Protein chains: 2
Amino acid sequence: MPHAPTPPTLPTTPPAPTAKGRATRARIVEGAAEVLREQGVAFTTLDDIRARTGTSKSQLFHYFPDGKDELLLAVAQFEADRVLEDQQPHLGRLDSWESWRQWRELVVERYELQGDHCPLGALFLQVGRSRPGARAIVTELMRQWQEQLARGMRALQAKGLVSPALDVDRTAAALLAGIQGGVTIMMSTGDSTHLKAALDTGIAHLRATPDGPART
Amino acid sequence: MPHAPTPPTLPTTPPAPTAKGRATRARIVEGAAEVLREQGVAFTTLDDIRARTGTSKSQLFHYFPDGKDELLLAVAQFEADRVLEDQQPHLGRLDSWESWRQWRELVVERYELQGDHCPLGALFLQVGRSRPGARAIVTELMRQWQEQLARGMRALQAKGLVSPALDVDRTAAALLAGIQGGVTIMMSTGDSTHLKAALDTGIAHLRATPDGPART
DNA sequence: CCCATTCTGGACTTGCTGGTCCATTTTCTG
DNA sequence: CAGAAAATGGACCAGCAAGTCCAGAATGGG
């Protein structure tokens with residue numbers, strides 16, 4: 001059963017008509033993302049973004065007529081797209097215990113590196129419920145992420161490494177929750193123990209499944 | 001091995017000397033917590049808090065000389081203390097499958113009721129790394145929460161319901177991460193599926209443990 | 001080459017919000 | 001009951017940051 005072909009990116013603003021315009025717009029979004037990751041949403045002003053991207057006030061409002069909210073939303077989309085990309089190619093090939101292990105290492109490494117800033121979480125809190133688009137971005141990201149995990153689990157099932165009785169969707173949802181929570185806790189406490197525990201326990205749960213005899 | 005007797009609440013500000021003062025201070029913190037939960041940190045001003053609590057500017061700064069940050073920190077501590085209280089008495093008595101089930105229901109109900117506002121997460125993001133106290137509050141809360149879960153698991157082990165081979169600390173850490181992530185996802189998407197999946201999978205993992213034959 | 005459109009620069013306005021200050025009232029203590 | 005300490009009211013201030021505006025430069029199509 002193929003999933004509905006939801007477009008991965010909903011165009012917040014029609015990209016500028018000219019090539020130069022598109023370049024400037026992209027520069028703004030990427031630069032803003034940098035600043036936001038460094039300083040946090042609460043402490044970042046349009047002037048900071050302006051300085052970093054070498055643009056003027058009028059450019060900011062030219063490309064994002066609705067102001068800061070619209071810009072933040074664009075950055076949120078930009079960051080959301082990066083999240084899954086950064087886990088590739090492993091996340092797309094979770095068809096062996098080894099690939100799961102490699103993916104696990106990658107996730108831990110990536111978030112430990114990222115330190116104590118969760119771009120998306122912070123962005124979402126700032127933009128908040130005011131913009132319905134914010135919720136859509138996060139929802140879509142979670143859906144895709146979970147789907148990739150589920151696909152990996154089904155691949156293991158197909159290989160006979162995991163019981164076909166396993167409730168893949170629920171297990172994938174739980175694993176995703178564990179990752180999210182692990183990251184959240186790490187952001188708050190600086191300790192990645194919980195993230196590792198969630199990943200390892202989640203994978204161990206796959207292995208421990210009945211009819212899953214093969215252990216590498 | 002008894003844990004270090006860390007005081008559960010670190011006094012951010014010495015409570016006012018007179019009874020009236022203490023009452024006013026408490027009123028401010030509680031009222032502020034309400035407003036913050038309703039509006040979110042980013043959209044709440046001192047004037048909102050002033051209006052809600054029926055106080056004047058000078059009172060706010062009289063009881064929180066360091067201004068908004070100090071007040072937010074006090075609210076964060078207030079909210080943190082509530083989190084575990086709200087899960088009692090179940091959380092303190094996780095010594096049977098039935099009590100685990102009841103606790104699970106309570107957690108789901110409580111967070112579904114709370115809707116899309118995570119007081120602590122938002123507060124932490126606003127106060128941020130500037131105040132070292134913020135991190136301490138969250139860290140301590142996580143520590144206590146995880147400890148209560150671990151204690152419950154050991155209780156099951158003592159009753160022979162769960163294998164003594166289970167790595168209790170790691171399993172508790174993973175479960176806590178799952179809860180956190182489940183709540184986070186629910187805040188963002190409005191869907192409690194992940195929270196439930198994390199809880200159910202976590203508890204199922206206890207049941208599936210080797211030497212854990214008793215299933216109710 | 002010309003004109004419309006797009007893009008850019010930066011000064012300016014404006015509203016808000018955290019924070020200050022002091023006068024006044026209430027409460028505690030001896 | 002007096003005097004000190006605490007608590008309260010609310011006007012006031014200053015800075016900042018989002019958003020506006022218009023003039024001028026680049027660009028691109030015909």
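Here is how names work: the chains are called A, B, and so on, in the same order as the sequence lines, proteins then strands, and each is numbered from 1. In this text, all values refer to a predicted model and were calculated from it rather than measured experimentally.
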Provide, to the nearest angstrom, the distance between the [atom1] atom belonging to [X] and the [atom2] atom belonging to [N].
X     : N      : atom1 : atom2 : result
A/H62 : D/dC22 : NE2   : C1'   : 15 Å
B/L46 : C/dT17 : CG    : P     : 10 Å
B/I49 : C/dT17 : CD1   : P     : 12 Å

Worksheet entry | Donor-acceptor side-chain pairing of A/Q144 and A/Q148 below 3.5 angstrom |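 Per modelled atom types, A/Q144 and A/Q148 side chains form no pair under 3.5 Å.
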Fill in: Under 4.0 Å protein heavy-atom contacts per nucleotide of nucleotides 23-30 of chain D, with B for base, S for backbone only and - for none
---SS---
Worksheet entry | Degree of bending, the helix from C/dC1-D/dG30 to C/dG30-D/dC1 (end axes from five pairs; round to 10°) |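 Answer rounded to 10°: the end axes differ by 20°.
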Practice prompt. Measure centre to centre between the rings of A/W100 and A/W97, then say whether the value is under 6.0 Å.
Written response: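 No, ring centres 6.0 Å or more apart.
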Practice prompt. Decide, yes or no, whether a salt bridge links A/K196 with A/E112 under the criterion of side-chain N to carboxylate O below 4.0 Å.
Written response: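 The answer is yes: the pair qualifies as a salt bridge.
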Discussion item. What I want to find out is whether A/E85 reaches A/R82 closely enough, with some N-O distance under 4.0 Å, to be called a salt bridge.
Written reply: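 Salt bridge flag = no for A/R82 with A/E85.
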Discussion item. Keeping B/T44 on the side-chain end and B/L36 on the backbone end, is there a donor-acceptor pair under 3.5 Å?
Written reply: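 Looks like no, no N/O pair under 3.5 Å.
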Practice prompt. For the side chain of A/F61, starting at C-beta, report the closest nucleotide among C/dT6, D/dG19, C/dT8.
Written response: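 When the side chain of A/F61 is considered, D/dG19 is the closest of C/dT6, D/dG19, C/dT8.
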For nucleotides 10-16 of chain D, list the nitrogen or oxygen atoms of the protein found under 3.5 Å from its nitrogen or oxygen atoms, one pair per line.
from, atom 1, to, atom 2, distance (Å)
D/dG10, O6, B/S58, N, 3.3

